[in-house]
Chemist: 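Encoded as structure tokens, here's the structure I'll be asking about.
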2 protein chains.
Amino acid sequence: MARIVTIRTVAEHAGCSIATVSRVINRSAPTSTEVETRVRAAITALGFRPSEIGRALKTLRMRTLGVVIPSLMNPVFAASVAGMEAAARERRHTLLLTATDYEAGREAELVETLVAQNVAGLILTVADADENPTLDMLDAEHIPYVLIHNEPVRTRRAAVCVDNAAATFALTGAMIAAGHRRIAYLAGRFSTSDRSRRRHEGYAAAMTAAGLTAEAPVELDYLSDVPGHAEALAGLFLSPGRPTAALCSNDLLALSVAGALRDLGLGVPADVSLAGFDGIALGHVMNPTLATVDTPTRRMGERAVEMLFAMLEDDAPPRVEHLPFTLRPGGTLAAAPADAVSVPCSPVSNP
Amino acid sequence: MARIVTIRTVAEHAGCSIATVSRVINRSAPTSTEVETRVRAAITALGFRPSEIGRALKTLRMRTLGVVIPSLMNPVFAASVAGMEAAARERRHTLLLTATDYEAGREAELVETLVAQNVAGLILTVADADENPTLDMLDAEHIPYVLIHNEPVRTRRAAVCVDNAAATFALTGAMIAAGHRRIAYLAGRFSTSDRSRRRHEGYAAAMTAAGLTAEAPVELDYLSDVPGHAEALAGLFLSPGRPTAALCSNDLLALSVAGALRDLGLGVPADVSLAGFDGIALGHVMNPTLATVDTPTRRMGERAVEMLFAMLEDDAPPRVEHLPFTLRPGGTLAAAPADAVSVPCSPVSNP
DNA sequence: CTGTTAGCGCATTCAC
DNA sequence: GTGAATGCGCTAACAG
């Protein structure tokens with residue numbers, strides 16, 4: 001099961017010491033060409049592969065990056081991890097992958113598990129990047145990490161994300177421009193997360209700038225639970241003076257909200273306009289197409305790894321890097337009914 | 001960066017030997033309650049976490065499972081990995097994740113990398129499960145592994161998959177029942193893969209059973225390269241007596257083929273009916289919905305891990321486990337034009 | 001019940 | 001340019 005060929009076997013086979021074999025493998029010191037060829041021959045003949053365990057025990061650092069994300073079932077995180085994997089592979093590292101299934105309580109344990117494996121560094125998406133004892137622990141132990149999708153504001157932590165507030169500000173602006181006056185904000189799991197909070201801030205800023213009323217987030221408990229959502233949304237969307245539009249904190253939520261609204265007998269976008277956030281492929285092919293904010297998720301994963309290595313090798317200081325987003329128009333965002341538009345409001349422009 | 005507190009630190013702090021600390025941690029031998037409480041106190045006080053490296057050096061086995069898949073950008077593999085991660089986590093293991101980006105040539109190197117990390121076992125999707133030197137090597141070294149999505153037929157290897165031939169047999173039967181007589185088979189990357197081969201076999205068997213002509217697979221080189229596909233498909237679908245239906249070897253390919261056909265001015269399903277394979281969520285929401293074979297991808301990932309642990313712990317013999325699939329009807333598969341139906345054919349039933 | 005000790009595979013001194 | 005020796009953190013065998 002485990003390889004029986006060790007550095008010692010190679011040394012015997014090549015008629016030299018294990019130190020010399022190590023030198024040949026790592027080019028850590030000059031060796032005579034004659035010995036080197038003998039060693040290399042022995043290595044290939046025996047099919048020897050240096051144990052990462054042995055090396056790590058000595059160097060106290062595995063060539064792995066620990067990853068913690070909410071779930072791979074969300075294409076946003078799948079794409080991020082794909083980007084991380086490619087970037088890590090370029091640097092001869094592999095990913096140690098774990099998922100919280102959207103339970104913030106699991107973060108601490110998963111991080112501990114990864115740290116126990118002596119990962120070179122960590123890439124994380126957490127519920128809250130500012131108020132987070134696990135991250136405090138990593139800081140205290142000087143274990144390098146980069147957040148992804150999170151947007152820390154109060155703390156000095158490395159992160160790769162989009163400017164969530166600016167994105168929802170723009171998206172809300174587009175809804176207002178389409179004549180919507182009462183716009184609901186729907187949040188999914190992680191509703192108390194930093195990025196969800198930032199997204200709501202952008203929405204609220206745009207509403208206020210237009211002289212409209214920003215509403216508190218409506219929290220929907222479970223992803224993809226369409227029947228549950230229909231029930232939760234009935235009160236809001238079947239009442240008089242109901243919202244004519246809803247901004248969802250992410251695309252997956254927008255999809256199930258669309259289903260829930262249809263279950264309530266409401267048309268999208270005929271009765272309610274809808275927009276999401278992330279830019280998953282699903283939104284492109286559904287009918288009508290989903291209006292959303294397109295984010296470079298795969299690229300974010302690559303950047304997170306690049307940033308982590310910069311910290312690892314060049315001792316780069318932690319910083320928040322914002323990657324560009326684009327507004328993606330879609331069929332779910334249509335003009336508001338004429339009676340709704342009649343409500344006065346001020347024009348909105350970017351801050 | 002690395003933890004400075006070792007089992008020795010704990011031993012000193014608790015006033016006992018490192019062996020006793022080890023015993024407390026692993027419950028590998030009885031210890032007096034008094035010493036145990038002292039040790040546990042020391043562990044929490046010092047924030048000690050046993051190094052997986054140290055343990056692995058001794059046991060020659062890390063609590064990790066090596067994973068090799070083509071790409072996380074394909075939701076099929078993302079879901080599989082999500083299932084693996086959950087099942088592995090239940091057993092206190094983590095995944096070491098790598099991807100080939102659909103380049104079979106990378107398989108060997110990635111597997112070597114994972115083996116060098118002393119993974120407990122491997123879960124792989126390879127290009128060819130039967131003719132595969134890398135798998136031969138794993139067999140020779142008695143390193144346990146389970147294939148996923150692959151369907152080995154000639155070799156005795158552990159695998160979790162659906163019955164690809166039966167699935168395409170049924171799917172092709174549905175197309176024939178809808179009146180289609182000339183049905184093309186389109187294969188994406190990995191076109192020489194075992195599962196693609198098995199899928200084509202099922203298609204060919206159904207065609208032959210109906211007295212129709214089975215065609216060789218049309219190989220499309222790149223995923224999602226719609227313009228390239230349009231060019232490659234023009235000859236086939238713009239000719240007289242052209243196919244009225246096409247069976248694609250997977251859903252992602254079906255999506256880009258749908259785009260290519262529309263670029264050629266052909267309606268789906270008005271001019272050409274289409275079906276895929278896998279059952280990705282995209283197919284559900286696109287318009288028209290995609291006819292396909294629904295496969296339990298997440299469950300397959302879980303089963304692969306369960307099977308691997310059965311081999312690891314109970315020395316279970318390698319076997320191929322088929323998980324159930326279902327035909328998913330969809331708008332892309334419609335009745336053939338009347339003139340096409342007039343071609344005679346025999347009724348098809350399952351073999 | 002507990003302590004001592006010998007490695008696991010490797011990198012890295014320090015001699016030569 | 002090379003080899004012998006040491007220790008990384010831990011488990012397990014053996015003594016007590």
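Note on naming: letters A, B, ... go to the chains in the order of the sequence lines (proteins, then strands), and numbering restarts at 1 for each one. Only this structure's heavy atoms are used, side chains among them; waters, hydrogens and symmetry mates stay out.
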Chemist: Quick one about T94(B) and Q117(A) (side-chain donor to acceptor, distance below 3.5 Å, no hydrogens or angles considered), yes or no?
Modeler: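 Side chains of Q117(A) and T94(B): pair found under 3.5 Å.
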Chemist: When all nucleic acid strands are considered with a 4.0 Å heavy-atom cut-off, which category describes I18(B): base, sugar-phosphate, or nothing?
Modeler: base
Chemist: Could you check whether S51(A) gets within reach of a base, just the sugar-phosphate, or nothing at all, counting any heavy atom under 4.0 Å?
Modeler: sugar-phosphate
Chemist: Nearest-nucleotide wise, let me know which of T31(A) and G54(B) is further upstream toward the 5' end of DNA chain D.
Modeler: T31(A)
Chemist: Centre-to-centre under 6.0 Å for F48(B) and H13(B), is that the case here?
Modeler: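 Ring-ring flag for F48(B)/H13(B): false, centres at least 6.0 Å apart.
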Chemist: Record whether the side chain of K58(A) comes under 3.5 Å of the base of dG9(C) through a donor-acceptor pair of N or O atoms.
Modeler: no
Chemist: More 5' along DNA chain C: T20(B) or P50(A), using each one's nearest nucleotide?
Modeler: T20(B)
Chemist: For V21(A), answer base if it contacts any base atom (sugar-phosphate contacts may also be present), sugar-phosphate if it contacts only those atoms, and nothing otherwise; contact means non-hydrogen atoms under 4.0 Å.
Modeler: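 No contact.
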Chemist: If you compare every side-chain N and O of S32(A) against the phosphate oxygens of dT2(D) (OP1, OP2), does one of them come in below 4.0 Å?
Modeler: yes
Chemist: Any salt bridge between R8(B) and E12(B), counting N to O under 4.0 Å?
Modeler: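 Not counted as a salt bridge, because no side-chain N and carboxylate O are separated by less than 4.0 Å.
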Chemist: Determine whether any donor atom in the side chain of R23(A) lies under 3.5 Å from an acceptor atom in the base of dG3(D), or the reverse, and answer yes or no.
Modeler: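 Indeed there is one.
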Chemist: Out of dG3(C), dC10(D), dT11(D), which nucleotide sits closest to the side chain of A19(B)?
Modeler: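 The answer is dG3(C).
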Chemist: Would you kindly say whether S71(B) and D101(B) are connected by a side-chain donor-acceptor distance under 3.5 Å?
Modeler: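 No, D101(B) and S71(B) have no side-chain donor paired with an acceptor closer than 3.5 Å.
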